[in-house]
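What follows is a short report on a single structure.
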2 protein chains.
Amino acid sequence: MLYAMGRWEPNTRERLVRAAVELFAEQGYDMTTVNEIAERAGTTKTTFFRHFPDKREALFAGQDTHSRLLADAVAAAPDTATPLDAVGVALDALTAAFPPERRAFAARLRVVIAGNDELRERAAFKRAGLAVALTDALQQRGVPDPTADLAAELGVLAFYRAFDRWVDPADDPATDQTFTDLARQALRELRAALPEL
Amino acid sequence: MLYAMGRWEPNTRERLVRAAVELFAEQGYDMTTVNEIAERAGTTKTTFFRHFPDKREALFAGQDTHSRLLADAVAAAPDTATPLDAVGVALDALTAAFPPERRAFAARLRVVIAGNDELRERAAFKRAGLAVALTDALQQRGVPDPTADLAAELGVLAFYRAFDRWVDPADDPATDQTFTDLARQALRELRAALPEL
DNA sequence: GGAAGTGATGTGACTTGGTAACGTCACTGT
DNA sequence: ACAGTGACGTTACCAAGTCACATCACTTCC
């Protein structure tokens with residue numbers, strides 16, 4: 001599989017993602033055509049759609065694995081774990097997929113997504129997918145109906161609250177905590193806020 | 001403003017919605033073109049896009065008001081109300097917009113939406129919008145940060161769990177409860193499940 | 001009561017996202 | 001050597017969505 005000297009440049013997929021993020025940041029999402037992205041990546045429109053089902057998905061590629069990370073971790077949690085314990089383990093597993101090197105890229109990505117409704121829509125869909133994955137995994141281990149929904153929603157909420165803090169340099173300028181740490185902290189906060197409802 | 005005998009048939013918007021739902025149910029969402037919808041409604045593609053920003057939105061028109069119903073109700077809740085109390089009041093206000101006559105239509109709509117990813121994506125976006133509206137309204141009345149998020153997410157969860165029961169004839173075949181009753185019941189269930197986390 | 005204006009619609013041309021059929025060629029395994 | 005295989009390019013096409021412009025019932029103002 002040595003394509004290094006092949007007919008085409010390697011890492012086509014990665015080049016497409018980089019080109020897409022760059023162009024979206026430069027000119028905005030809807031002012032950028034798939035042809036432009038492909039051209040900057042040194043390829044063509046058809047190849048773009050061979051790698052991604054649609055234009056938006058270039059920014060969300062790889063997130064399909066997140067649901068599996070959550071589900072597997074919940075399934076592997078000890079039988080004695082409460083629903084929120086299992087959710088905590090799942091968040092540990094998911095956040096482990098976000099090493100500090102990815103932080104700057106995630107930050108740029110977030111800005112681009114926040115600036116366009118089509119992208120925010122896709123983001124909402126992905127978020128809903130995470131919640132469904134958590135709910136299903138919890139029900140699989142015997143957690144009854146309303147409780148599983150609640151725990152899943154709470155876990156997803158903790159994940160995104162932690163993501164915001166991880167990416168946003170405004171809070172905690174010096175500490176530079178791990179995503180996993182932030183997620184644990186967010187989950188503790190939410191748990192502590194439950195009696196306030 | 002008497003258009004009854006005007007150049008065109010009245011109620012264009014409503015005719016477009018009906019045509020869209022019919023065609024989507026008959027042939028599926030992606031097998032139906034906007035031209036077909038417009039033709040069945042006795043108009044043209046351009047007019048369709050004058051009424052709806054995109055093809056999907058024909059099925060979600062009017063839901064923009066739901067966020068405002070929630071926000072206004074939360075703002076109007078008495079100062080003594082807890083976050084979950086305010087959410088309960090908001091759900092009462094929102095569910096009041098779903099009279100029993102709309103149930104059959106809502107049921108057909110739900111089947112169509114569930115059958116297509118683009119539509120499910122839009123639905124997830126709308127759902128996220130409801131959560132944001134609730135969160136903002138709660139924060140406006142002084143509910144602190146993590147608690148507002150929690151209460152909003154819980155309220156949205158209750159709404160959709162109640163919606164499922166309202167629409168699905170499988171459960172409670174005889175009782176035929178009001179959407180508002182079902183929402184209150186769902187909220188109580190979730191509240192009762194909190195200690196199980 | 002006639003003229004100018006308004007608002008919802010139709011027409012046609014256009015851009016772009018997305019699909020599909022087909023050809024090309026480096027690389028792989030036999 | 002030789003028949004795959006897989007990733008890519010080329011071309012043509014369909015449908016979503018935009019835009020500029022024309023039409024005409026109805027309204028308003030003089």
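Keep in mind that what you see is a predicted model, and the values were worked out from it rather than measured. Every chain is numbered from 1 and lettered A, B, ... according to where its sequence line falls, protein lines coming before strand lines.
Under the rule for a salt bridge (charged side-chain N to carboxylate O under 4.0 Å, His left out), the partners of A:Asp92 that lie at least two apart in sequence or sit in another chain are A:Arg184. For A:Arg40, the salt bridge (charged side-chain N to carboxylate O under 4.0 Å, His left out) partners two or more places apart in sequence, or in a different chain, are A:Glu22, A:Glu26. By the salt bridge (charged side-chain N to carboxylate O under 4.0 Å, His left out) test, B:Asp181 pairs with no residue at all, sequence neighbours left out. For A:Leu119, the side chain to side chain contact (heavy atoms under 4.5 Å, CB included) partners two or more places apart in sequence, or in a different chain, are A:Tyr29, A:Arg56, A:Leu59, A:Phe60, A:Val112, A:Ile113, A:Asn116.
Position along DNA chain C of the nearest nucleotide to B:Arg13 versus A:Phe52 favours B:Arg13 as the more 5'-ward residue.
Taking the side chain as every heavy atom from C-beta outward, B:Asp164 and B:Arg110 approach each other to under 4.5 Å.
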Please tabulate, for side-chain N and O atoms in residues 43-50 of chain B, each donor-acceptor pair with protein atoms closer than 3.5 Å (sequence neighbours left out).
| from | atom 1 | to | atom 2 | distance (Å) |
| --- | --- | --- | --- | --- |
| B:Thr43 | OG1 | B:Thr47 | OG1 | 3.3 |

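In this structure, A:Tyr29 atom OH and D:dG17 atom C1' are separated by 13 Å, rounded to whole Å. Counting to the nearest Å, the C1' atom of D:dC14 and the CE atom of B:Met31 are 12 Å from each other. In this structure, A:Phe49 atom CZ and C:dG18 atom C1' are separated by 5 Å, rounded to whole Å. What separates CD of A:Glu57 from P of C:dT19 is a distance of 12 Å, to the nearest Å.
The stretch residues 32-48 of chain A touches DNA chain D through A:Gly42, A:Thr43, A:Thr44, A:Thr46, A:Thr47, each having a heavy atom within less than 4.0 Å of the strand.
Listed by first then second residue, pairs satisfying ring pair (Phe, Tyr, Trp, His ring centres under 6.0 Å) with a partner in residues 107-139 of chain A number zero, not counting sequence neighbours. Judged as a ring pair (Phe, Tyr, Trp, His ring centres under 6.0 Å), the pairs with a partner in residues 63-93 of chain A (not counting sequence neighbours) are, in order, A:His66-A:Phe98.
A sub-4.0 Å separation between OP1 or OP2 of D:dC8 and a side-chain N or O of A:His51 is present.
Nearest to the side chain of A:Thr12, among D:dA16, C:dG18, D:dC8, sits D:dC8.
Around CD of B:Glu39, the count of heavy atoms belonging to other residues, nucleotides or ligands within 6.0 Å does not exceed 12.
If you check distances only, the side chain of B:Arg50 never reaches the base of D:dG17 with a donor-acceptor pair under 3.5 Å.
Consecutive pairing runs in DNA chain C reach the stem threshold at C:1-30 with D:1-30, where a stem means at least three Watson-Crick or G-U wobble pairs with distances under 3.5 Å.
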